[in-house]
*Asks:* 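Below is the structure I would like to discuss, written out as structure tokens.
Convention: sequence-line order gives letters A, B, ...; per-chain numbering from 1. Source: prediction; values computed, not measured.
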Amino acid sequence: MSSYDDIDAFGAVPLSARAMAARPAPYLDGLNDAQRAAVEQLDGPVLMLAGAGTGKTRALTARIVHLLATGKARPNEILAVTFTNKAAREMKNRVGSMLGEAVEGMPWLGTFHAICVKLLRRHAELVGLKSNFTILDTDDQIRLLKQLVLANNIDEKRWPARMIASLIDGWKNRALVPEKVPVADASAFNHRGTEIYAQYQARLKELNATDFGDLLLHMVTIFQTHPDVLEQYQRWFRYILVDEYQDTNVAQYMWLRLLAGGHKNICCVGDDDQSIYGWRGAEVGNILRFEKDFPGAHVVRLEQNYRSTPHILAAASGVIRGNQGRLGKELWTEAERGEKVRLIGHWDGEEEARWIGEEIESMQKGTRGMRPYGLDEMAILVRASHQMRAFEDRFLTIGLPYKVIGGPRFYERLEIRDAMAYFRLVVSPEDDLAFERIVNTPKRGLGDKAQQKLQVKARENGVSLVDGARLALQDGDVTGKGGGELRFLVESLDRWGRMAGDKDIPHTELAEIILDESGYTAMWQNEKTPEAPGRLENLKELVKALENFDNLQGFLEHVALIMDNDQAEDGAKVSIMTLHAAKGLEFPAVFLPGWEDGLFPSHRSMDESGIKGLEEERRLAYVGITRAEEVCTISFAGNRRVFGQWQSALPSRFIDELPEEHVEVLTPPGLYGGGYGSAAPRPSAGMSERVAAADGYNSPGWKRLQSRAGQRGLSQPSESRNTVIDLDAVSAFTTGERVFHQKFGYGEIIAIEGDKLEISFEKAGIKKVVARFVTAADDIPF
DNA sequence: ATCGAGCTGTTTTTT
DNA sequence: ACAGCTCGAT
């Protein structure tokens with residue numbers, strides 16, 4: 001029998017009545033009418049459409065406090081879901097501080113995944129798992145798939161494990177178990193994908209493991225097939241709150257709908273204009289359909305913005321207006337007009353970085369009549385992480401302190417994963433994936449051959465790889481140096497396992513012993529590469545992080561779901577991050593470089609998803625602009641080195657969409673190459689002649705851009721804005737044209753198919769190449 | 001078994 | 001440009 005009748009064992013802490021009675025509803029103080037409505041409409045479905053900077057977190061937390069204060073629900077009867085641990089933590093803290101001392105955290109406030117793990121541990125047996133199942137990270141997932149691909153004699157080139165992984169993730173995001181994958185979907189991949197999917201799921205079950213997608217998928221499956229279980233939770237969770245609803249995927253949506261099916265008290269908070277995760281399965285449709293999905297829903301719009309100046313808001317609105325099918329929201333503010341959005345063009349990416357570096361330095365002192373800004377008040381938000389390099393290079397040379405936010409997370413680093421694999425293996429010796437990871441790390445002379453033998457032994461006897469290794473050693477399958485090393489490893493694992501059970505050995509000490517005795521620390525000490533010291537440093541940090549937990553097991557449990565990267569903040573620094581990473585943040589001064597068609601909006605995104613892709617890019621632009629409180633500076637470069645090749649580009653179409661009365665076009669100081677830097681936006685589009693002329697679109701740089709584009713038939717902005725893929729290099733070439741390719745040299749185009757060109761090269765013969773790697777022969781980029 | 005030269009495919013990222 | 005990987009040489 002399952003044990004969900006112990007639900008209320010979790011942190012049922014009744015609110016102290018006197019804490020609430022002391023001051024009547026202080027948490028409602030200072031809320032505007034819309035916020036107050038969102039807080040007080042407790043029953044029935046509510047959609048809180050909260051624009052950027054409209055105080056949604058405040059409203060959300062006040063709502064929770066209101067639920068508690070009115071006695072509508074106890075803390076453990078509220079289900080509050082977020083996407084990130086950071087958001088969950090913040091909400092917990094804010095609810096805590098609004099309530100004053102007393103509240104033991106809300107047990108059901110957390111990320112979708114964290115909550116699903118908690119639920120799934122209780123009901124694991126319903127999907128054929130044990131409740132101590134492990135959660136695989138992306139790395140394990142890929143390795144597992146690779147094995148399956150190999151075992152099926154599938155061509156790895158045509159079906160890379162990564163690709164299959166994203167296919168499977170996509171299905172899981174849509175809550176599709178292997179049998180439910182639509183025929184059209186499956187046949188597009190020759191049914192190979194679904195076969196592997198099914199095998200992969202079976203293998204996960206054998207390993208008593210799940211991947212991230214499974215956490216949701218399994219819970220949806222359980223709710224759908226066990227109405228009794230579902231009912232328990234429907235009854236238990238009297239109120240449901242969802243943050244960032246526009247980012248939910250189909251599986252999350254189904255999960256929510258199922259859970260909300262009882263009381264129907266679900267409050268979803270989100271902003272359709274900030275949906276930027278479509279590429280990983282988020283469905284804007286979920287938020288757009290809310291009123292249909294939940295009949296009788298109250299829709300509350302938070303439109304008063306407390307973050308940005310009117311110019312910035314107007315610029316953002318101007319851009320987002322280009323999207324179809326929005327729920328519609330117009331942000332307004334009482335703030336002073338402030339600075340217009342500033343726009344500046346540059347000759348190339350390096351100059352853009354140089355200019356921004358200098359502008360940041362001037363802004364520190366105060367410039368152009370603006371107040372001085374501290375470094376930590378400024379941020380650079382880029383579309384793609386490779387853009388960061390130019391800034392890092394530049395800032396390093398001029399000694400401007402900066403920090404990169406996002407990027408590889410601590411727990412994703414190689415050395416951390418290796419160390420964790422050792423820990424995992426000590427805690428659960430049957431963790432085959434962990435064993436595979438470390439069996440020959442550090443090098444123990446156990447190559448493919450030897451590992452194959454262990455696999456065979458394990459499979460034949462139906463035991464784990466560690467036990468397989470034991471048997472192989474007994475039978476003398478692995479001998480020599482490798483054999484000795486393997487024996488030592490297996491014995492060490494046993495020893496560490498016993499130590500893990502010994503209460504007298506602190507687990508942090510054990511961790512150090514494991515890393516030392518395994519030779520893992522020594523491996524990095526002996527390595528002379530520049531990153532080795534950093535890796536050792538990270539290992540130390542890992543051991544330190546262990547201090548916050550009671551034992552290795554507890555630590556591993558948490559780490560599986562918490563991939564945070566809380567870098568210690570020391571001193572004021574300019575932040576550099578992607579637009580995606582910036583969602584939810586705000587800065588007094590924001591720089592938005594790289595607004596060029598192809599880069600932003602991203603060529604790829606439009607290729608793959610057409611108009612939907614373009615709209616998502618536009619939302620990204622909206623998110624970018626609305627991060628700025630006081631100063632927003634948009635820039636673009638006429639030329640940029642991409643994949644080692646110089647490419648020229650036109651200013652982003654989003655620049656045309658900025659309402660001109662809210663934009664000030666800056667001309668860079670004439671320090672570098674005269675007027676070259678002052679390439680202006682496309683003159684005939686959004687910007688008036690006056691504005692365009694004022695900043696010199698007659699400059700040589702701009703003219704050159706234009707004439708280059710002209711040769712390609714790309715210069716007419718009016719045309720280029722109507723079609724989605726027009727900037728694709730496809731239209732740039734004609735058959736018979738003489739072209740140059742970096743690797744193959746000169747040749748003549750004989751056919752064009754989509755974005756691929758068939759070219760007869762003088763030296764290399766006939767090849768098919770992607771159009772953007774080819775340039776017209778008489779026009780090699782400057 | 002392991003090391004280094006050549007090939008490929010290059011957005012965005014959380015859990 | 002470059003990282004990550006496969007394949008051939010030690």
Side-chain angles (χ1 to χ4, degrees), chain A residues 81-88 110-117 135-138 141-142 146 156-157 160-163 166 169 172-173 210-217 244 247-249 251-252 275-282 349 381-390 393 405-409 411-412 414 440 442-451 480-482 485 531 558-565 577-584 594 598-609 613 616-617 619-620 623-624 640-646 742-743 769-770 772-773:
Chain A
V81 237
T82 64
F83 274 85
T84 63
N85 290 301
K86 194 174 155 211
T111 63
F112 276 102
H113 296 268
I115 289 169
C116 280
V117 172
I135 303 160
L136 302 189
D137 56 34
T138 331
Q141 201 184 342
I142 301 272
K146 211 172 242 169
E156 252 189 301
K157 292 270 150 41
R162 300 204 141 277
M163 182 192 161
S166 67
D169 276 347
K172 288 188 176 175
N173 284 338
T210 69
D211 61 21
F212 285 122
D214 277 341
L215 299 176
L216 258 300
L217 181 63
E244 306 281 16
D247 289 337
T248 49
N249 61 33
Q252 289 157 340
S275 161
I276 55 175
Y277 285 109
W279 50 273
R280 66 176 200 214
L381 313 182
V382 297
R383 175 62 183 79
S385 48
H386 64 74
Q387 288 174 263
M388 293 179 182
R389 260 251 313 264
D393 283 353
I405 311 278
R409 273 145 292 285
Y411 292 111
E412 275 170 13
L414 179 81
N440 201 28
K443 298 270 179 290
R444 297 193 171 89
L446 296 160
D448 277 354
K449 278 268 169 54
Q451 289 188 42
K481 180 170 173 290
E485 294 265 19
E531 58 264 24
H558 277 258
V559 163
L561 287 173
I562 296 169
M563 289 296 214
D564 278 16
N565 194 21
M577 69 190 93
T578 63
L579 287 162
H580 286 91
K583 195 167 81 157
L599 178 59
F600 188 43
S602 141
H603 176 272
R604 227 359 231 274
S605 166
M606 294 185 295
D607 263 10
E608 280 168 15
S609 325
E616 184 153 311
E617 296 284 309
R619 291 192 291 266
L620 210 40
V623 167
R640 200 176 282 282
R641 215 212 281 266
V642 49
F643 304 146
Q645 290 248 40
W646 281 101
Q742 182 81 26
K743 194 179 284 164
V769 295
V770 177
R772 60 182 209 284
F773 291 111

*Asks:* Need one value for D448(A): base, sugar-phosphate or nothing, where a base atom within 4.0 Å counts as base even if backbone is also close, heavy atoms only.
*Replies:* sugar-phosphate

*Asks:* According to a strict under-4.0 Å criterion, is R389(A) in side-chain N/O contact with OP1 or OP2 of dC2(C)?
*Replies:* yes

*Asks:* Please list, for nucleotides 2-5 of chain B, all pairs of protein and nucleotide N/O atoms separated by less than 3.5 Å.
*Replies:*
| from | atom 1 | to | atom 2 | distance (Å) |
| --- | --- | --- | --- | --- |
| dT2(B) | OP1 | G445(A) | N | 3.3 |
| dT2(B) | OP2 | N440(A) | ND2 | 3.1 |

*Asks:* Assign R383(A) to base, sugar-phosphate, or nothing according to its heavy-atom contacts below 4.0 angstrom with the strands shown.
*Replies:* base

*Asks:* Of E617(A) and L215(A), whose nearest nucleotide on DNA chain B comes first from the 5' end?
*Replies:*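 Its nearest nucleotide being more 5', the pick is E617(A).
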
*Asks:* Just call it for T84(A): base, sugar-phosphate, or nothing, with non-hydrogen atoms closer than 4.0 Å on any strand.
*Replies:* sugar-phosphate

*Asks:* May I ask whether W279(A) stacks on the base of dT12(B), given the cut-offs of 5.5 Å between ring centres and 30° between planes?
*Replies:*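 W279(A) ring centre within cut-off of dT12(B) base, planes near parallel; stacks.
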
*Asks:* Can you label the angle between the W279(A) ring and the H580(A) ring as parallel, tilted or perpendicular, going by 30° and 60°?
*Replies:* perpendicular

*Asks:* Ignoring backbone atoms, test whether N85(A) places a side-chain nitrogen or oxygen under 4.0 Å from the OP1 or OP2 oxygen of dT14(B).
*Replies:* no

*Asks:* Residues two or more places apart in sequence or in another chain: which of them pass side-chain contact (heavy atoms from CB on, under 4.5 Å) with K146(A)?
*Replies:*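 E156(A), A161(A).
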
*Asks:* With sequence neighbours excluded, tell me which residues meet side-chain hydrogen bond (donor to acceptor under 3.5 Å, both in side chains) with T82(A).
*Replies:*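 Per chain and number, T82(A) pairs via side-chain hydrogen bond (donor to acceptor under 3.5 Å, both in side chains) with no residue.
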
*Asks:* Rounded off to whole Å, could you give me the CG-to-P distance for the L216(A) and dT14(B) pair?
*Replies:* 17 Å

*Asks:* Return the value, rounded to whole Å, for the distance between atom CE of M163(A) and atom P of dG9(B).
*Replies:* 12 Å

*Asks:* Are the ring of F643(A) and the six-membered base ring of dT10(B) within the stacking cut-offs of under 5.5 Å and under 30°?
*Replies:* yes

*Asks:* Establish, with yes or no, whether the OP1 or OP2 oxygen of dT12(B) is under 4.0 angstrom from a side-chain nitrogen or oxygen of S602(A).
*Replies:*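 Answer no for this pair, as no side-chain N or O of S602(A) is under 4.0 Å from OP1 or OP2.
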
